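The structure under discussion appears below in the form of structure tokens.
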Amino acid sequence: RRADTALHRAKAAGGNETAFFETAMGDAAEQRFRVERELRRAIPAGELRLFLQPQVDAAGALAGAEALVRWQHPERGLLAPAVFVPVAEESDLIVDLGAWVLTEACNLLARSEAAGQPVRLSVNLSPRQFRRAGFVPWLRHLLSATGADPAHLTLEVTEGLVIDNLNQVIASMSELSALGLHFSIDDFGTGYSSLAYLKRLPLGQVKIAQSFVRDVTEDLNDAAIVMAIMAMSRTLGLQVIAEGVETQAQRDFLLQNECLAYQGFLFCKPIPIEEWAPLLK
Ligand code: C2E
Ligand code: MG
Ligand code: MG
């Protein structure tokens, strides 16, 4: 296990590296093993919860929501994804977790459509889940089994998805786009990838990362990056959504630059799906 921990560290440092085991690594590894073991039990035990964070248009009207997972841990309370999603992403657990989230989201879509109040949902998709053989037919089946309208579903992918196997990724994305599904690039500008993929992938939306939005009114560099992303997206015909919008000043800056969609604590925090229905009214 210690050798495995050191190997893990070497890979995380970029691979082709040597790493020695140290006790502090052992604690972190221990913690990871524990989370992984508990999560494996928690998913079938029904301890995951779905939260929704509203997305609004330039006028502040509800336009959709992002689905965000939480873990209602029996002893540790409600856990944020930062505690368990990265651990899940290192194993096949992310596939089970992602399947649970997508199933919940599609059921919710179908219910909202049946109630005549359709929402648009964005769901985070891990590269590992997307690359897995059989994902596309699985999702197609889920959509038809739940009756959810694919046009109401957006999959949020990250730049890491396109690092390798670009042709396979394009083929899968195109197949899903043909069903009516939309794609959004999450945390845009924070990964390591080329801009070339923007015109090759069937994308509909670019999400400006919170890290750029945070200081947009004080830091000229962040302001320049945000303006550049918006200008580029407009030209490429991509919708832009800004995330992590917390202050009126940030919103004003984005509005001046003709941003059309917003998400952040200024409008609403993520809320449990049980509390979603009243908000629709
Ligand atoms: P993300 O997809 O970029 O989601 C946005 C995160 O920013 C959410 O954190 C949200 O609660 C937070 N946020 C929204 N508005 C504000 C704001 O105004 N200020 C601040 N400070 N934060 C804001 P959360 O829910 O903790 O999720 C963190 C990350 O975990 C997500 O980042 C996503 O990468 C991952 N994640 C969440 N749910 C899922 C899931 O179902 N599947 C996968 N694969 N990953 C997920
Ligand atoms: Mg997201
Ligand atoms: Mg994001």
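Note that the structure is predicted; figures quoted are calculated from it, not measured. Residue indices begin at 1 and follow the sequence shown.
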Could you tell me if the side chain of Met232 sits less than 4.5 Å from the side chain of Val206, heavy atoms only? no
Nearest-0.5 Å distance that lies between atom CZ in Arg128 and atom CD1 in Ile94: 9.0 Å
Please tell me if the side chains of Glu104 and Ile273 come closer than 4.5 Å, counting only heavy atoms from C-beta onward. yes
Under 3.5 Å, is there a donor on one side chain and an acceptor on the other for Gln205 and Ser184? yes
What's the shortest heavy-atom distance between Arg70 and Ala80, and which atoms? CD-CA, 4.4 Å
Between Phe212 and Ile208, the two heavy atoms sitting closest are CB-CG2, 4.2 Å
Without swapping roles, check the side chain of Tyr197 against the backbone of Leu166 for a donor-acceptor pair under 3.5 Å. no
Under 3.5 Å, side chain of Ser233 to main-chain N/O of Val240, donor-acceptor pair present? no
Side-chain contact test, heavy atoms from C-beta onward, threshold under 4.5 Å: evaluate it for Cys259 versus Met230 and give yes or no. yes
Heavy-atom count check: over 12 atoms from other residues, nucleotides or ligands less than 6.0 Å from Arg9 CZ? no
Should Leu139 and Leu179 be marked as a side chain to side chain contact (heavy atoms under 4.5 Å, CB included) after you check the CA-CA gap, both sets of side-chain angles, and the distance that decides it? CA-CA 11 Å; Leu139 182 53; Leu179 297 178; over 6 Å; no
Could you tell me if the side chain of Asp187 sits less than 4.5 Å from the side chain of Glu156, heavy atoms only? no
Chi angles and distances behind the side chain to side chain contact (heavy atoms under 4.5 Å, CB included) call for Leu93, Val87: CA-CA 8 Å; Leu93 272 177; Val87 176; 5.8 Å; no
Cluster overlap Val101 with Leu79, hydrophobic side-chain contacts below 4.5 Å: yes
Closer than 4.0 angstrom, basic N to acidic O: yes or no for Glu30 and Arg1? yes
Counting distance only, does the side-chain N/O of Glu159 pair as donor-acceptor with the main-chain N or O of Phe188 below 3.5 Å? no
Do we see a donor-acceptor contact under 3.5 Å between the side chains of Gln31 and Asp27? no
If you define the side chain from C-beta out and look only at heavy atoms, does anything of Lys207 sit under 4.5 Å from Glu66? yes
Report yes or no: does Asp96 contribute a side-chain atom to a donor-acceptor pair with the main-chain N or O of Asp92 at less than 3.5 Å? no
Compare all side-chain heavy atoms of Val169 with those of Leu161 and state whether any distance is below 4.5 angstrom. yes
Check Ala105 against Leu50 and note the closest heavy-atom contact, atom names and distance. N-CD2, 4.2 Å
Distance check, rounded to the nearest 0.5 Å: Arg200 atom CZ versus Leu198 atom CG? 12.0 Å
For Met173, the option from Val136, Leu155, Leu201 that meets side chain to side chain contact (heavy atoms under 4.5 Å, CB included): Leu201
Atom pair NE2 (His73) and CG (Leu39), whose distance is rounded to the nearest 0.5 Å: 9.5 Å
What is the distance from atom OG1 of Thr217 to atom CG of Asp252, rounded to the nearest 0.5 Å? 10.0 Å
Over 60° means perpendicular and under 30° means parallel, so classify the ring planes of Phe130 and Phe135, tilted if in between. tilted
Compare every heavy atom of Phe265 with every heavy atom of Pro270, then report the nearest pair and how far apart it is. CD-CE2, 3.9 Å
Note: Lys11-Glu90 ion pair, threshold 4.0 Å (strictly below): no
Consider only side-chain heavy atoms of I, L, V, M, F, W and Y, link residues closer than 4.5 Å, and tell whether Val226 and Leu236 are in one cluster. yes
Keeping the roles fixed (side chain from Gln250, backbone from Thr247), state whether a donor-acceptor pair exists under 3.5 Å. yes
Can you tell me if CZ on Arg49 sees more than 12 non-hydrogen neighbours from other groups inside 6.0 Å? yes
Decide yes or no for Asp215 and Asn221: does some side-chain heavy atom of the first lie under 4.5 Å from some side-chain heavy atom of the second? no
Taking every non-hydrogen atom, the tightest pair across Ala29 and Thr5: CB-OG1, 3.5 Å
Phe183 CZ to Leu153 CG distance, which is reported to the nearest 0.5 Å: 9.0 Å
All heavy atoms of Trp71 vs all of Ala42, minimum pair found to be NE1-CB, 3.4 Å
Are Leu68 and Gln53 packed together at the side-chain level, in the sense that at least one heavy-atom pair is separated by less than 4.5 angstrom? yes
Give, for atom OG of Ser211 and atom CD1 of Ile225, the distance between the pair rounded to the nearest 0.5 Å. 8.5 Å
Please determine whether a side-chain nitrogen of the Lys or Arg among Arg40 and Glu36 lies less than 4.0 Å from a carboxylate oxygen of the Asp or Glu. yes
Applying the 4.5 Å side-chain criterion to the ILVMFWY set and letting contacts propagate, would Ile241 and Leu181 be lumped into a single cluster? no
Apply side chain to side chain contact (heavy atoms under 4.5 Å, CB included) to residues Val157 and Asp186 and explain how you reach the verdict. CA-CA 6 Å; Val157 296; Asp186 205 355; over 6 Å; no
Derivation of the side chain to side chain contact (heavy atoms under 4.5 Å, CB included) call for Gln129 and Arg132: CA-CA 5 Å; Gln129 191 186 0; Arg132 206 175 145 93; 5.9 Å; no
Are Val56 and Leu260 co-members of a hydrophobic cluster defined by side-chain heavy atoms under 4.5 Å apart? no
Do the side chains of Tyr262 and Leu238 join up, straight or via other hydrophobic residues, at under 4.5 Å, putting them in one cluster? yes
Would the distance check show the side chain of His152 and the main-chain N or O of Leu121 forming a donor-acceptor pair, the cut-off being under 3.5 Å? no
Do Gln263 and Gln55 pair up side chain to side chain, a donor and an acceptor below 3.5 Å, judged on atom types alone? yes
For Arg234, does the CZ atom sit with more than 12 other heavy atoms under 6.0 Å from it, leaving out its own atoms? yes
